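Within every chain, numbering begins at 1; the chains are lettered A, B, ... in the order of the sequence lines, protein sequences first and strands thereafter. Remember, predicted model here, so these are calculated numbers, not experimental data.
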Amino acid sequence: MKIASFNINGIKARLPRLLEWLAETRPSVACLQEIKTQDEGFPADEFKKIGYYAIWHGQKSFNGVAILADGVRPVETQRGLAGEPEDDHSRYLEAEVNGVRIAGIYLPNGNPQPGPKFDYKLRWMKRLRARMAELKSLEIPTIVTGDFNVIPTDADIWNPKAMADDALMQPESRDAYLRLLHDGWTDAIATHNPNGGVWTYWDYQAGAWQKDHGFRIDHALLSPELADRLVACGVDKAHRGREKASDHAPIWVQLRD
DNA sequence: ATGGCGCGTGGAACGCGA
């Protein structure tokens with residue numbers, strides 16, 4: 001079973017590239033972030049044509065997440081995080097697919113910091129941690145994957161100084177991420193790449209892609225039941241270099257059946 | 001040293017992202 005995550009930066013603008021990626025890499029499950037469309041605009045038929053069933057949680061202009069599954073309907077288990085009823089951002093969607101619980105997340109960016117957006121990010125991470133504690137207590141194979149908008153360590157960015165004041169790598173953001181790991185979740189890509197140097201995002205600006213000025217903010221966290229089944233993981237880096245690409249590359253984990 | 005792009009909305013210029 002291969003589970004992937006891809007921040008597509010707009011499903012309308014990205015649809016040809018997204019369909020191409022699905023056809024070429026054929027993940028069993030794909031979690032999508034930043035679909036940037038209301039529910040009515042989600043192209044479910046296009047995915048159905050190539051054998052994927054989908055659930056989605058849209059929003060006008062911004063955010064928005066979806067879960068696609070190859071040949072089987074994802075069974076939705078939750079949308080949104082508890083704890084802040086007035087929060088209307090579409091950033092969390094959770095489903096069960098073939099006995100695996102899958103949460104797809106688009107964690108708030110948090111810039112500029114300090115400020116209300118950074119406060120929202122930290123609150124959201126607290127709410128996520130609470131949900132992940134519930135999931136862990138179920139003791140079923142679980143993956144939480146998506147755009148975490150956290151650069152976990154200085155080894156996860158081409159130049160830590162370039163982003164020193166950014167919300168993505170503030171100590172508070174990193175501490176909140178580290179707490180998830182300490183709670184017993186395994187960062188799949190970090191585990192398989194202990195020296196860092198793996199990027200999942202390259203800015204559109206300043207020739208960042210050409211210079212390989214990237215960082216790692218898309219993650220896959222595995223529950224103990226699933227960490228035992230991890231056989232390989234990676235980044236579909238080449239897809240970032242194509243015409244009309246997203247600024248993120250897809251990530252994936254391969255799990256023993 | 002600085003600035004640099006792209007998407008959605010809506011039909012110009014701006015909010016937002018990272």
Side-chain angles (χ1 to χ4, degrees), chain A residues 5-19 21 31-43 46 56-66 87-92 104-122 124-125 128 145-174 176-177 189 196 198-219 235 237 239-251:
Chain A
S5 168
F6 192 3
N7 181 323
I8 56 176
N9 187 19
I11 202 162
K12 293 166 190 166
R14 208 68 56 219
L15 192 58
R17 280 295 173 242
L18 176 57
L19 293 171
W21 169 71
C31 296
L32 307 179
Q33 302 89 40
E34 282 205 89
I35 63 175
K36 291 184 170 180
T37 180
Q38 298 178 87
D39 284 342
E40 310 85 83
F42 188 84
E46 298 296 325
W56 57 96
H57 189 197
Q59 179 183 334
K60 188 176 182 177
S61 305
F62 307 116
N63 311 319
V65 287
D87 182 5
D88 58 357
H89 289 198
S90 298
R91 298 181 176 274
Y92 184 94
I105 75 160
Y106 176 48
L107 204 149
N109 169 305
N111 281 303
Q113 73 79 28
K117 292 190 175 182
F118 190 59
D119 296 340
Y120 172 59
K121 177 187 191 129
L122 297 179
W124 204 93
M125 292 186 81
L128 175 66
T145 189
D147 179 356
F148 281 69
N149 270 319
V150 175
I151 300 167
T153 75
D154 284 355
D156 297 307
I157 179 167
W158 95 99
N159 177 8
K161 288 181 182 153
M163 297 274 285
D165 295 327
D166 197 281
L168 305 201
M169 54 180 283
Q170 291 314 296
E172 296 94 327
S173 310
R174 287 180 166 177
Y177 185 76
I189 292 176
V198 177
W199 320 143
T200 67
Y201 171 91
W202 295 258
D203 202 298
Y204 286 125
Q205 303 182 68
W209 167 251
Q210 287 75 13
K211 298 182 218 164
D212 200 29
H213 288 179
F215 42 85
R216 186 172 74 95
I217 52 175
D218 300 273
H219 307 307
V235 180
K237 186 172 176 180
H239 288 256
R240 175 62 181 85
R242 298 191 180 181
E243 289 299 317
K244 293 283 286 179
S246 170
D247 41 5
H248 294 249
I251 64 166

Just to confirm, is there a sub-4.0 Å distance from OP1 or OP2 of B:dC5 to any side-chain nitrogen or oxygen of A:Y201? no
Between A:H89 and A:Q205, which is nearer to the 5' end of DNA chain B once each is assigned its nearest nucleotide? A:Q205
A:I217 side-chain proximity, nearest of B:dA18, B:dG4, B:dC7: B:dA18
Considering only atom P, compute the distance from B:dG3 to B:dC7 and round it to an integer number of Å. 23 Å
Expressed in whole Å, how much space separates the C1' atoms belonging to B:dA1 and B:dG6? 25 Å
Could you tell me how far B:dC16 sits from B:dT2 if I compare only their P atoms? Round to whole Å. 26 Å
Can you find a donor-acceptor N/O pair under 3.5 angstrom joining the side chain of A:N149 to the base of B:dA18? no
Does A:R14 or A:F62 map to a spot on DNA chain B nearer the 5' end, using the closest nucleotide for each? A:R14
Distance check: side-chain N/O of A:K36 vs OP1/OP2 of B:dG6, anything under 4.0 Å? no
State which of B:dC5, B:dA18, B:dC16 makes the closest approach to the side chain of A:Y204. B:dC5
Under 4.0 Å between a side-chain N or O of A:H248 and OP1 or OP2 of B:dA18? yes
Can you find a side chain N or O atom of A:K244 that sits less than 4.0 Å from OP1 or OP2 on B:dC7? yes
Please test A:K121 against A:N109 for side chain to side chain donor-acceptor pair (under 3.5 Å), starting from the C-alpha separation and ending with a verdict. CA-CA 7 Å; A:K121 177 187 191 129; A:N109 169 305; 5.7 Å; no
Mind checking A:N63 for me? I need base, sugar-phosphate or nothing, with any heavy atom below 4.0 Å counting as a touch. nothing
Determine whether the aromatic ring centres of A:H239 and A:F6 lie less than 6.0 Å apart. no
Within the structure, does a side-chain N or O atom of A:N7 lie under 4.0 Å from either OP1 or OP2 of B:dA18? yes
Mutual orientation of the aromatic rings belonging to A:W202 and A:W209 [parallel < 30°, tilted 30-60°, perpendicular > 60°]: perpendicular
Regarding A:N111, tell me which of base, sugar-phosphate or nothing describes its non-hydrogen contacts under 4.0 Å with the strands shown. base
Applying the side-chain hydrogen bond (donor to acceptor under 3.5 Å, both in side chains) test to A:T200, which of A:D247, A:D156, A:D218 qualifies? A:D218
So, OP1 or OP2 of B:dA18: does either fall under 4.0 Å of a side-chain N or O from A:N109? yes
Assign A:F148 to base, sugar-phosphate, or nothing according to its heavy-atom contacts below 4.0 angstrom with the strands shown. nothing
Do A:I105 and A:W124 pass the side chain to side chain contact (heavy atoms under 4.5 Å, CB included) test, and can you show the C-alpha distance, the side-chain angles, and the key distance before you say yes or no? CA-CA 11 Å; A:I105 75 160; A:W124 204 93; 4.0 Å; yes
